[in-house]
Amino acid sequence: MDEPEPLTPVVVRSLMEGAERYRSLFTHNPHAVFSLDLQGSYTDVNLATQEMTGYTPAEMRGMSYRDVIAPGEVERVAAEFAAVVAGEPRRLETCIRHKDGALVEIALVGLPVVIEGDVVGVHGLAEDISLRTRTSRELHEAREAADAANVAKSLFVANMSHELRTPLTTIVATAELLEDTGLTELQARFVQGMLRGGKRLARLIEDILDISRIEAGVLTLQPAPFDPHLLLYDVCSWAREQATRKGLRFDLVVDPGLCRGLVGDTLRLQQILTNLLDNAVKFTEHGFVELSARSAAAAPGATTLHIGVRDSGVGVPSELCQSIFDPFSQADPSATRRHEGAGLGLAICRELVDLMDGELSLTSALGHGTDVSLAFTLPTASAPTG
Ligand SMILES: Nc1ncnc2c1ncn2[C@@H]1O[C@H](COP(=O)(O)OP(=O)(O)OP(=O)(O)O)[C@@H](O)[C@H]1O
Ligand SMILES: [Mg+2]
């Protein structure tokens, strides 16, 4: 062992300086810093402790931490104090009662004071977090109120859309009847215009109805056994016609091992694929649209269905590939854009995919086409269907 340094005046001075430096750190620390003996009585407190508790250092020296901690918290803090006395540093959030009776929320750190291997006391450090916790509580409450208002808004929109849909259905049906009443060429053109507008409006209302139902949390899935092959052929016949009409090639690429039976909401799966294929055809002027599918065994009794929708169209600027899923978001929002649509299709797809615990990703670059991948892990249907 090293010999202790002889207590020369220089050594004494440096020891005193060191002690003074630590004293100053203790006294002027902006956090409440204090020392307790092993019974939990205050032996030293700094200015910030005095401000936080309202007691003078002289008053505190005769008190125990139990006199300061809020009554309901004493037991919990006592357990933590015992752990610190056993040598374990502790950190907790609790509450004290100020001398004037007010409750103050604090973040507290307790450290054992160890001298030559023995715990001889406890150092404490505390910070007033009342403002922080109040702010976060208020934020939480404001958020809950906003969420509730959002649900109320979505329910209102859902109800309104329903009210709009009913008379619109009558208008469209009447226009269809009118079409067959021996109209002149000019009259027939007017009626066709009415029908086109009516159907477009009806689709928009359906989309608004869907998105608000999903946002209000009232859209539920209707799972049933289905054959993925039939799902693909159903959407395909419609999409092939749209693509061919625009002079595009339409490819359906089905993996020979694609499973025959799954359990899922086919109507909603169809809706997702229709929206994606509608986009692929709409935003492609030359080349192809491709729908592909394969399946892979997942957990026992479950299969992952992978579906891809690819096109050689205008593409989406890569920096918009995420935000394009927000409702009403479009790569070209200008009033002069060439394509119809409200910007709801992808938002609905994302929400429906989330509802099904599936995955959806879109990769694209301007001028290089778009590639959308979907993956759904679904229960395998016990018997082939269809
Ligand atoms: N395959 C695609 N190729 C190029 N751009 C696409 C493609 N799919 C989506 N987009 C871009 O993303 C935007 C949002 O698509 P989304 O389907 O949500 O809306 P929309 O097709 O404009 O309108 P809606 O689907 O409501 O009729 C589109 O306006 C378009 O700019
Ligand atoms: Mg769309």
Side-chain angles (χ1 to χ4, degrees), residues 154 157-158 161 164-165 168 172 196-215 219 235-236 238-253 267-293 307-355 358-374:
S154 298
V157 174
S161 307
L164 290 170
R165 188 168 57 159
L168 186 61
V172 171
R196 258 200 315 279
K199 284 180 180 164
R200 203 174 142 192
L201 192 54
R203 212 204 113 193
L204 178 62
I205 291 172
E206 280 306 324
D207 282 354
I208 293 178
L209 195 58
D210 275 343
I211 199 98
S212 40
R213 270 204 217 115
I214 297 171
E215 282 178 356
L219 190 137
V235 286
C236 195
W238 165 84
R240 189 188 299 280
E241 191 196 315
Q242 304 292 315
T244 316
R245 200 182 293 169
K246 264 187 97 173
L248 304 172
R249 202 179 78 227
F250 185 87
D251 299 327
L252 174 63
V253 185
L267 269 183
R268 295 301 172 184
L269 284 167
Q270 236 174 43
Q271 185 177 5
I272 294 168
L273 295 184
T274 307
N275 272 326
L276 296 177
L277 287 163
D278 180 52
N279 284 349
V281 174
K282 181 160 64 171
F283 297 107
T284 304
E285 297 308 321
H286 307 285
F288 69 90
V289 167
E290 181 194 275
L291 173 63
S292 61
I307 301 182
V309 177
R310 220 156 58 86
D311 65 62
S312 58
V314 290
V316 180
S318 41
E319 68 276 12
L320 295 184
C321 284
Q322 292 297 321
S323 61
I324 211 78
F325 286 93
D326 296 341
F328 307 108
S329 158
Q330 295 181 312
D332 176 8
S334 64
T336 53
R337 69 177 198 277
R338 293 170 36 226
H339 304 289
E340 283 181 0
L344 283 173
L346 286 183
I348 292 173
C349 288
R350 157 90 5 118
E351 296 282 3
L352 288 176
V353 170
D354 284 352
L355 210 58
E359 285 167 28
L360 165 61
S361 65
L362 181 147
T363 31
S364 184
L366 211 52
H368 290 91
T370 300
D371 193 340
V372 183
S373 305
L374 294 160

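No hydrogens, no waters, no symmetry mates; every other heavy atom, side chains included, goes into these values. Counting starts at 1 for both ligands and their atoms, in listed order.
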Please report, to 0.1 Å, the donor-acceptor pairs under 3.5 Å made by any side chain of residues 196-205, with sequence neighbours excluded.
{"from": "Arg200", "atom 1": "NH1", "to": "Glu340", "atom 2": "OE2", "distance (Å)": "3.2"}
{"from": "Arg203", "atom 1": "NH2", "to": "Asp207", "atom 2": "OD2", "distance (Å)": "3.3"}

Legend entry - Part of Leu362 within contact of ligand 1 (heavy atoms, under 4.0 Å): neither

Inset, instruction - Check Leu344 against ligand 1 and report side chain, backbone, both or neither, counting heavy atoms closer than 4.0 Å. - result: both

Inset, instruction - Check whether any heavy atom of Gly343 sits under 4.0 Å from an atom of ligand 1. - result: yes

Inset, instruction - Mark the output for Asp311 as yes if a heavy-atom distance to ligand 1 is under 4.0 Å, and as no if none is. - result: yes

Mark up the atoms of ligand 1 that fall under 4.0 Å of a heavy atom belonging to [X], in ascending order.
X: Arg203; answer: 24 (P), 25 (O), 27 (O)
X: Gly341; answer: 23 (O), 24 (P), 27 (O)
X: Ala331; answer: 31 (O)
X: Ser329; answer: 13 (C), 14 (C)

Legend entry - Test item: Thr284 and Ser312 side chains (from C-beta on) under 4.5 Å apart, heavy atoms: yes

Give the single entry among [options] that approaches [atom] most closely by any heavy atom.
atom: atom 18 (O) of ligand 1; options: Val372, Ile208, Leu204, Leu346; answer: Leu346
atom: atom 9 (C) of ligand 1; options: Asp278, Asn279, Thr274; answer: Asn279
atom: atom 13 (C) of ligand 1; options: Asp326, Val314, Ile324; answer: Ile324

Inset, instruction - Using distance alone, determine whether Gln330 and ligand 1 share an N or O pair under 3.5 Å. - result: yes

Legend entry - Polar proximity ligand 1 side, Ala347 side, N/O cut 3.5 Å exclusive: no

How far apart are the closest heavy atoms of [X] and [Y], and which atoms are they?
X: Ile324; Y: Ser329; value: CA-OG, 3.4 Å
X: Val316; Y: Thr370; value: N-OG1, 4.1 Å
X: Asp326; Y: Ala347; value: C-CB, 4.1 Å
X: Gly369; Y: Ser364; value: O-OG, 2.8 Å

Legend entry - Those residues that, when tested against Arg310, pass salt bridge (Lys or Arg N to Asp or Glu O under 4.0 Å) (two or more places apart): Glu290

Legend entry - Criterion salt bridge (Lys or Arg N to Asp or Glu O under 4.0 Å) on Arg268 and Asp210, from CA distance to verdict: CA-CA 11 Å; Arg268 295 301 172 184; Asp210 275 343; 3.5 Å; yes

Inset, instruction - Give a yes/no answer: is there an N/O/S atom of Asn275 under 2.8 Å from the Mg ion (ligand 2)? - result: no

Legend entry - Given Leu346, Leu344, Ile348, the one that forms side-chain contact (heavy atoms from CB on, under 4.5 Å) with Pro327: Leu344

